[in-house]
Each structure stands twice: as C-alpha cells, then as structure tokens.
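Here the structure is a predicted model, which is why all the values come from computation and not from measurement.
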There are 2 protein chains.
Amino acid sequence: MNTAEETAGGETSAWGEVTPDAARRLLVAAVEAFAERGYHATTTRDIAGRAGMSPAALYIHYKTKEELLHRISRIGHEKAVEILRVAAAGEGSAAERLADAVSSFVRWHAGGRTTARVVQYELDSLGPDARAEILALRRQCDAEVRGIIEDGVAAGEFDVLDVQGTTLAVLSLCIDVARWFNVKGPRTPEEVGALYADLVLRMVGAK
Amino acid sequence: MNTAEETAGGETSAWGEVTPDAARRLLVAAVEAFAERGYHATTTRDIAGRAGMSPAALYIHYKTKEELLHRISRIGHEKAVEILRVAAAGEGSAAERLADAVSSFVRWHAGGRTTARVVQYELDSLGPDARAEILALRRQCDAEVRGIIEDGVAAGEFDVLDVQGTTLAVLSLCIDVARWFNVKGPRTPEEVGALYADLVLRMVGAK
DNA sequence: GCCGAAGGTGAGCGGGCGCTTAGCGTGGCC
DNA sequence: GGCCACGCTAAGCGCCCGCTCACCTTCGGC
C-alpha cells in the first residue's frame with residue numbers, strides 16, 4: 001500500500017520539480033486561489049499578491065492566466081495517472097489491486113484537496129486544445145481502473161454486469177471526494193480511503 | 001417508481017411556477033448560461049441576450065446577478081429534497097425505497113443535467129447567508145438517505161459498517177452524475193439510474 | 001570596472017464588467 | 001379621451017479586469 005505522502009508537509013510537495021523558484025511560487029499561489037474561488041473569480045493580481053510579487057511578474061513566467069491553469073492541470077493529471085498505474089501494475093489479486101487503487105486515489109483527492117479540486121473541476125475553463133490534451137490523460141485513468149476490473153471479472157473474482165458503467169462509477173466516487181472533503185471534518189484521508197475501498201469491493205461483488 | 005418527468009419536454013418544465021413570464025425566461029436563460037460557462041464567467045448581458053431582452057431588463061425582476069443564482073439554487077434543492085422525501089416515505093422494504101431514491105435522484109441529475117450542474121456546483125458562488133440557507137436543504141437530503149439506510153440496518157436488510165460514511169458516498173455518487181453525464185453519450189438517464197440503484201444496493205450489502 | 005542578460009517593478013491601456021438612470025410605448029381604468 | 005403605472009430600452013457610470021511597457025536592479029564573466 002502506498003504511503004500518504006501527499007498529506008505530509010502541507011500539500012506543496014508535488015510542485016517540487018517546478019523551476020525556477022519564482023515560477024513555482026506563482027503556481028502554488030494559483031492552485032490555492034483557483035481552489036478557493038474558482039478560475040474565473042481569481043484575478044492575476046490575487047495570484048501575484050499571494051506569491052509576494054507585483055502583478056506584472058506573473059507574465060515573465062507565464063504567457064497568460066490560462067497557461068497557469070493548463071500547467072496545474074497537466075501536472076495534476078499526470079500524478080493521478082501515476083497513482084492508478086502503480087496500483088494497477090502491483091502484485092496481488094484484482095481485489096487487492098482495486099482496493100489499493102481506490103484507497104490511494106481517494107487519499108490523494110482528500111489530502112491534496114486544494115490541488116485535486118482545481119484538477120477535477122476547472123477543466124471547462126481551459127481552451128479546446130489544452131482541454132483535449134487533458135482529456136487524453138483522463139482516458140488513461142479510466143483505462144487503468146477498467147483494466148483491474150476486467151482482470152477481476154476474467155479471474156472469476158468479481159461479479160460485474162456493466163464493466164464500463166461500474167468503472168465510471170468507481171472513478172466518479174473517488175473524484176467527488178475533492179468536492180465534499182473537509183480538512184477540518186471528522187475523517188482523515190486514510191479513513192475515507194479505507195471506507196471507499198470497502199465500498200468499491202462491494203460494488204464489484206468481490207468474493 | 002417515479003416517472004422521469006424531468007427528461008420530457010426539454011428540462012424547462014420545472015420552472016413552470018415562476019412568474020411573470022419575463023422573470024421565468026430570464027431564470028431559464030441564467031440556468032443555461034451558468035451550466036455552460038459557470039457563474040463567474042457568465043455576464044448579465046449574456047443572460048439578458050438569451051432571454052431576448054436588453055441588459056437592463058434583468059434588474060427589473062432581480063436585484064443582482066447573485067439573486068438569480070440564489071433562486072435557481074433554492075428551487076433546485078427543494079426539488080431534490082422532494083424527490084428523496086417521496087422515495088423515503090414510500091411503501092416497501094428499505095432496499096426498494098433506497099433503489100427508488102437512487103434511481104429517481106440519478107435520473108434527475110442526468111436528465112436535468114443543466115439545472116443539476118448549477119445547483120450542485122455553483123454553491124460557493126453564493127454569499128454567506130444564501131449559502132447557509134441552501135446548506136440546510138442539503139442536510140435534509142442527507143437525512144432522507146441516511147434514514148432509509150438506518151431502517152435497512154435496523155431491519156437486518158443491510159450490512160453497513162459506517163452509516164454516515166456510506167450515506168455520504170451514496171449521495172456523492174448520485175450528485176457527481178451531473179458532472180460527467182453527457183446527453184449525447186451512450187446511456188439514457190433511466191439506464192444510469194438502474195445501474196446506480198444496483199451498485200448502491202451492493203454497497204449497503206442488501207440481502 | 002564595465003556590460004549584458006535575467007528577473008523584477010510602477011504606471012497604465014483598452015475594454016468589458018455589474019449595475020443605474022432618464023425616458024419611451026402601451027394597455028387598463030375612469 | 002386623458003392619465004398613469006408598468007415593463008422595457010438606450011446610454012452610460014465607475015470600476016477592475018488581463019495584460020503591456022519603459023525602466024530599474026542585481027550579478028556572473030572578463
């Protein structure tokens with residue numbers, strides 16, 4: 001089982017490889033602002049201010065406000081695909097791999113809710129080209145989960161009537177965690193991950 | 001089982017009781033615009049234009065753009081509560097009532113996706129007072145579903161470890177339909193409703 | 001010590017935003 | 001027929017948006 005690295009150190013660890021430093025600070029500021037208020041309600045002055053810079057500094061590192069969203073979205077989706085791919089390619093039965101995929105995916109959405117919210121809910125604010133690129137990454141997410149479920153069905157481990165529909169529902173359940181999860185609420189990301197892994201195993205009729 | 005009235009006649013039937021006529025046309029125009037582009041990306045000129053009126057006409061019927069969102073949100077949430085209350089108060093076993101609640105709630109989110117999208121995803125664009133009012137209606141939704149699940153557990157029909165967590169997951173699953181459902185996609189609202197009712201019965205371990 | 005590149009700032013442009021106001025056409029009432 | 005309340009429009013106000021530009025440091029290389 002993967003560790004909950006995303007929850008440690010305040011969510012910014014995922015952006016470590018973004019350089020230079022000023023560009024990273026702007027990106028982190030944009031993630032926070034977009035998550036709190038939404039893309040269209042966030043101003044470039046707000047982003048620059050959070051990063052401790054003047055409004056004009058933003059345009060040294062990014063061509064437009066939309067480019068910021070695009071970069072955030074791509075990095076986030078690549079992380080999501082990686083989480084699911086690692087779980088899908090792991091050892092163990094289909095049930096164990098599905099439980100691992102769901103629990104780690106849910107932990108990412110709950111623990112890194114700020115990032116996940118932007119990644120999952122601001123897709124429509126991208127232009128056509130950028131959106132098409134991101135949608136390809138989302139299809140990869142779907143394929144990883146569907147692969148595990150197909151394995152389970154083929155091995156006689158799962159009892160599923162509609163594989164594609166069930167895949168959609170599993171991903172939907174995980175993604176929506178980013179909408180309702182509250183850091184100050186009664187549940188930790190680990191608890192929600194464990195609960196959801198159990199619920200998903202029931203959904204696929206795991207023996 | 002309730003009929004899928006929402007899908008008939010092009011989604012606007014739910015606004016029939018809004019008067020006068022011009023106010024209703026503006027409300028319907030606002031729902032479409034908010035669903036397509038989001039609250040903050042929608043301009044009052046856009047709403048008025050869709051309703052075939054000048055920008056100033058909007059302010060004869062509504063004090064602000066936010067009041068439009070508030071009215072849409074309240075009417076939509078009242079409809080959601082009603083759907084769940086009817087299902088919860090119906091006759092039959094807990095499993096039958098839960099399946100009815102899920103399938104009709106999902107049909108509403110899928111068939112009336114335009115409305116549901118605004119209702120479920122633009123909550124944060126409301127001011128504090130309006131949001132508090134709407135959150136009270138959402139707690140009623142939670143209470144209706146939790147009630148059915150508690151009944152099923154008490155009757156020995158269901159096998160649920162975490163009633164509140166499972167309730168949250170069931171509602172989350174239904175609500176997220178408004179995000180991904182595509183009218184031009186391969187599934188009808190009825191098919192998704194039936195699939196989801198089955199999945200939810202598995203989640204609660206219905207006998 | 002001088003220079004150019006890199007990274008930053010303050011001021012501000014053009015434009016579109018939410019919303020207001022003065023005035024116009026029209027239908028119901030006496 | 002006169003009148004006014006109502007629903008609506010044309011014009012536009014003040015503001016803030018995304019973004020640009022002229023200029024200012026700082027610093028490594030020689």
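- Of the two residues contacting DNA chain D, namely B:Arg45 and B:Ala22, the nearest-nucleotide position lying further toward the 5' end is that of B:Ala22.
- Side-chain atoms of B:Glu66 come within 3.5 Å of backbone atoms of B:Gly127 as a donor-acceptor pair (strictly under, hydrogens ignored).
- A salt bridge is defined here as a Lys NZ or Arg NE, NH1 or NH2 lying under 4.0 Å from an Asp or Glu carboxylate O, and B:Asp46 with B:Lys65 fails to meet this definition.
- Rounded to 10 degrees, the angle separating the terminal axes of the helix from C:dG1-D:dC30 to C:dC30-D:dG1 is 10°, with each axis obtained from five end pairs.
- Residues in residues 28-60 of chain B take part in these ring-ring contact (aromatic ring centres under 6.0 Å, His included) pairs, two or more places apart or across chains: B:Phe34-B:Tyr39.
- Ring geometry, B:Trp108 versus B:Phe105: the interplanar angle falls under 30°, so the pair is classed parallel (tilted spans 30 to 60°).
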Taking protein heavy atoms under 4.0 Å as touching, what does nucleotides 20-27 of chain D look like 5' to 3' if B marks base contact, S marks sugar-phosphate-only contact and - marks none? BB------
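- Backbone-only contact: A:Thr43 has heavy atoms under 4.0 Å from sugar-phosphate atoms and none from a base.
- Across B:Thr114 and B:Glu32, no two heavy atoms sit closer than the pair CG2-CA, 3.9 Å.
- Distances shorter than 4.0 Å separate none of the side-chain N or O atoms of A:His40 from OP1 or OP2 on D:dC17.
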Throw together a table of side-chain donor-acceptor distances under 3.5 angstrom for residues 172-182 of chain A, partners on residues two or more places apart or in other chains.
{"residue": "A:Ser172", "atom": "OG", "partner": "B:Asp176", "partner atom": "OD2", "Å": "2.6"}
{"residue": "A:Asp176", "atom": "OD1", "partner": "A:Tyr121", "partner atom": "OH", "Å": "3.2"}
{"residue": "A:Asp176", "atom": "OD1", "partner": "A:Arg179", "partner atom": "NE", "Å": "2.8"}
{"residue": "A:Asp176", "atom": "OD2", "partner": "A:Arg179", "partner atom": "NE", "Å": "3.4"}
{"residue": "A:Asp176", "atom": "OD2", "partner": "A:Arg179", "partner atom": "NH2", "Å": "2.7"}
{"residue": "A:Asp176", "atom": "OD2", "partner": "B:Ser172", "partner atom": "OG", "Å": "2.6"}
{"residue": "A:Asn182", "atom": "OD1", "partner": "A:Lys184", "partner atom": "N", "Å": "2.9"}

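- Here chain B contacts DNA chain C (any atom closer than 4.0 Å to a heavy atom, that is under 4.0 Å), and the contacts span C:dC17 to C:dT21 from 5' to 3'.
- Taking each heavy atom of B:Ala88 and B:Glu144 in turn, the nearest pair found is CB-OE1, 3.4 Å.
- At whole-Å resolution of the value, CD in A:Glu66 and C1' in D:dC19 are 14 Å apart.
- With hydrogens and angles disregarded, no donor-acceptor distance shorter than 3.5 Å links the side chain of A:Glu122 to the backbone of A:Val118.
- Across every non-hydrogen atom of B:Asp124 and B:Arg131, the tightest pair is O-NH1, 3.5 Å.
- Contacts of residues 46-53 of chain A with DNA chain D (heavy atom under 4.0 Å): none.
- Separating the CD1 atom of B:Ile60 from the P atom of D:dT9 is a distance of 7 Å, rounded to the nearest angstrom.
- When side chains are defined from C-beta on, B:Leu126 counts as touching B:Ser73, because their heavy atoms get closer than 4.5 Å.
- Taking both residues in full, the closest heavy atoms of B:Leu195 and A:Gly165 are given as CD2-CA, 3.7 Å, listed atom of the first, atom of the second, then distance.
- Under the 3.5 Å distance criterion, the side-chain polar atoms of B:Tyr62 are matched with a main-chain donor or acceptor of B:Ala23.
- A salt bridge is defined here as a Lys NZ or Arg NE, NH1 or NH2 lying under 4.0 Å from an Asp or Glu carboxylate O, and B:Glu36 with B:Arg50 meets this definition.
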